[in-house]
Every structure is written in C-alpha cells, then in structure tokens.
Amino acid sequence: MAEFVVLLGGCERLSRRPYDAHLYIDNFMFGRHAEKQRLLNFLLDQNNSATGSPPPVLSVIGGPSVGKRTLVAHVCSDKRVTSHFSLILHLNEGDLFRVQEEHESRRAAEGKVLIVVEFDSVVDEEDWVKFYSSVTNLKKGSKVVIISNLRKFDTFATVKPIFLSTLPYAEFRYLFKILAFGSTNPMEHPQLLKIVDELSKELQLGWSLVTANALGEALRTNLDVRFWLCMLNRIRRTSERNMSVFGAYPRALAERGDHVDMTDLELTPGAPFHFVWSRKAHDISVKKELPKVTVRELMVDPTARPKGEFIMIIWQSRIPPHTCFGHFVPNCDQGMRQHVLLSGRKRRGLPL
C-alpha cells in the first residue's frame, strides 16, 4: 500500500469535481479534458518523429470562440510542456518564415522547439510546403501545432486532428448556471433555476460562450426574477428577429460575417442596433483614449452609453491568452449603429 501511495503521488491529479473546479482554481479551463490530454500527450511524446524528418503536426480545428486558442495556451503553460521545450514560438500566417530567423538566432542554445501557427484564412500550399521543409532540421522531439477555423488545415496534420465544437448542453448549462449564480446557492432560487434552463437552451442553440459569459455576469449582479425574465425575453426576441430577417441564429450569422440584429438586447431599444463580425484585425492601441464600457453595463443601465465613440468590452478572458473581446463603436447619428470589430489579443474575429 505504501508503494501504491508513492505511485499515485507521481500521477497527474484530476479534479474531483471537474465541472466546477474553475471556481476554485483561477487558471482552470472549463471542460475539454479529453482534448487537453490528447494535446498534452502529443507534445510530450518522444517517439512520434524520426531524426532528420519534419516535426509532427497536430491541427486544432473549430469554429470561432469555441476555445481553440485557450486550449492551446492552457496546455502550453503547463510546466511539463515549458520544461520539455526550450523554445515555444507563436506565429500567424503573415510571419510563417520568421521561424527560420528565430531558429537560426537561437540554434546554439535551444533544444526541442514547439511552433504554434494560427491561420485565419487559407494559406497557399506552396507556402506551407516551404515552411514545413524549413523546420526539418529542428531537433528530434520538436512539434508543430496549427490553430484554425478552417477544416482545410486538417490535411496539413500528420496525426489525427483535434476538432472542437460547442459544449454539449449538459456542460453548457452547468457552466452558465455557475456564471449566473456565482457564489449564490442556486437551490435557494428555484424560479431562477428554471430561467437558467431556458436561457441555456437559447444560448447553446444560437449563441457563443462569449455571450454566455457576458450575460452570466449581468445576471449575477441582479438576482431578481423579473430582471432574469426580461433578459430571457430579450435573448429570445433577438434570436427570433434574426431567424425571421436573415434566416439564421446570431452565432451562424456572425461566423459568416453577416449582419446580426441586436436591437432587442438593449434595455431601451431605439434605433436599429446591428453588429457586423469582421475577420480583419484592428489596432486597439489607437483607441486607448476612448472611454470603455462593458456590455453588462449597457445591458442593465441605458445611461451607461457614452456620448460619441467608445469601446464596448464584451468580455475578457481570465486565463491565458487573456483574450479581450471588444468592439469599436463609432459615433453614429444615423438610424443604424454599425459596430466594427476591434480585435483583442490573439483574436481575428468575434461572434456574439
């Protein structure tokens, strides 16, 4: 038994309550346990590459805001990974060939290299072949991880890709319940629990985790049944309006880059309020002087909207890569207020 205890002490510890462990560990990533373990096994595997051959490639594929970057960042911050690789490079499609310069400059000091490449659009296959051949001479044990929304990039992988989709309803509901109630015991509010069930169905069907986080934060500040019902009705009306006008739910429209009608989400709807998801990144640094307002403040307080231009913060991730989901809101005197995406860290686009 003593030897057994020593053996267990060397094994990775698993949370006894994996669904709500993120309440107690600030840097814990909700769900994705199987995907995290697959990625970790791939990175630490010593036997899946031969000396002199290109490093193995794993693709992490999924729609916007399903947690691809968070998954990779969470695993890359693991002490076992940081100690296994002497260099971790983060690249995007625009600087594929920077890896050669980086590698040459650190050749004498480095050992195994982990290269994380993020693609937001289709890359020319010749460029990929040129890049992949340039990393052939990396030390055995080096790895390449691809992050993309596009299914095409699973063909670049040398091992079975990881496909991420939206959370299953049971997990989504549990997460949203925790986000909405916070430290409050849900059993003390049976009416609110029923509303959580309905909101979870609406959000899981046609919205993203980013919206769930923003809405959960707003609900957590006001445990009033009428307020929660009001939010439920606004979410439903927004979904119904977009289905009626555009033929799709907000998440699907945003992923296609189409208009999303958000008029009904405002506390006091007035002029049409449309949001357009753009894949083009904008520099947030030039907007630093503008006032910033969270979407929670806009949802619960109609007077919170600044005059003129401002930055609307949808949500900011509390774990690496600490992605900030924000939008630049122009000063529009016309009937339609069109929101242009303002990219945060490591994000090209944001679906509501």
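Values below: all heavy atoms of this structure, side chains included; hydrogens, waters and symmetry mates excluded.
- Under the 4.5 Å side-chain criterion, counting only non-hydrogen atoms from C-beta, V123 is not in contact with K152.
- The shortest distance between side-chain heavy atoms of V60 and R69 does not fall below 4.5 Å.
- You'll find the side chain of Y169 stays beyond 4.5 Å of the side chain of L205, heavy atoms only.
- Clustering ILVMFWY residues whenever any of their side-chain heavy atoms sit less than 4.5 angstrom apart, transitively, puts M1 in a cluster other than the one holding V6.
- In the hydrophobic clustering of this structure, I195 groups with F172; members are Ile, Leu, Val, Met, Phe, Trp, Tyr whose side-chain heavy atoms approach within less than 4.5 Å, directly or through other members.
- Looking only at distances, no side-chain donor or acceptor of S244 sits under 3.5 Å from a matching main-chain atom of R241.
- Counting heavy atoms from C-beta on, the side chains of V135 and V113 never come closer than 4.5 Å.
- Placement of L150 and V129 in two distinct hydrophobic clusters is found when ILVMFWY residues are connected by side-chain heavy-atom separations under 4.5 Å, directly or transitively.
- Contact detail for V196 and A180: the closest heavy-atom pair is CG2-CB, 4.5 Å.
- A distance-only check finds no donor-acceptor pair linking the side chain of W207 to the backbone of S200 [under 3.5 Å].
- Not one N or O on the side chain of S59 forms a donor-acceptor pair closer than 3.5 Å with the backbone of I61.
- In the hydrophobic cluster analysis, where Ile, Leu, Val, Met, Phe, Trp and Tyr join through side-chain heavy atoms closer than 4.5 angstrom, F227 is grouped together with L223.
- Between F119 and F153, the ring-plane angle classifies as parallel under the 30° and 60° cut-offs.
- For D120 and K68, the salt-bridge test fails: no basic side-chain N is under 4.0 Å from an acidic carboxylate O.
- The closest side-chain heavy-atom distance from L219 to L192 is not below 4.5 Å.
- Atom CZ of R38 and atom CG of L71 lie 10.5 Å apart (nearest 0.5 Å).
- Rounded to the nearest 0.5 angstrom, M231 CE and L215 CG are separated by 5.0 Å.
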Which donor-acceptor pairs under 3.5 Å do side chains of residues 156-168 form with protein atoms, sequence neighbours excluded?
| unit_1 | atom_1 | unit_2 | atom_2 | d |
| --- | --- | --- | --- | --- |
| T158 | OG1 | V57 | N | 2.7 |
| T158 | OG1 | V57 | O | 3.3 |

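- Linking Ile, Leu, Val, Met, Phe, Trp and Tyr residues whenever their side-chain heavy atoms come within less than 4.5 Å leaves Y249 and F246 in two separate clusters.
- Between E240 and R237 there is no salt bridge, since none of the side-chain N atoms of the basic residue sits less than 4.0 Å from a carboxylate O of the acidic one.
- Looking at every heavy atom in both residues, A248 comes nearest to L253 through O-CD1, 3.6 Å.
- Residue L43 holds its CG atom at 5.0 Å from CZ of F85, rounded to the nearest 0.5 Å.
- Interatomic distance, CG of L203 versus OG of S239, reported as 8.0 Å (0.5 Å rounding).
- Of all heavy-atom pairs between K112 and K139, the closest is N-CD, 4.0 Å.
- Within a 6.0 Å radius of CD in E198, other residues, nucleotides and ligands contribute more than 12 heavy atoms.
- W128 places none of its side-chain heavy atoms less than 4.5 Å from the side chain of T155.
- Considering only heavy atoms from C-beta on, R173 stays 4.5 Å or farther from Q204 through its side chain.
- Cation-pi check for K143 over F42 is met; the charged atom lies under 6.0 angstrom from the ring centroid and within 45 degrees of its normal.
- The distance from atom OG of S134 to atom CD1 of I115, rounded to the nearest 0.5 Å, is 7.0 Å.
- In this structure, H90 and I88 have side chains that are in contact, with non-hydrogen atoms separated by less than 4.5 Å.
- Nearest heavy atoms, S142 versus P55: O-CB, 3.2 Å.
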CA sep, side-chain torsions, deciding dist, call: N213, E217, side chain to side chain donor-acceptor pair (under 3.5 Å) | CA-CA 6 Å; N213 274 277; E217 184 181 2; over 6 Å; no

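- Note that CD of Q37 and NE2 of H33 are 11.0 Å apart. Values are rounded to the nearest 0.5 Å.
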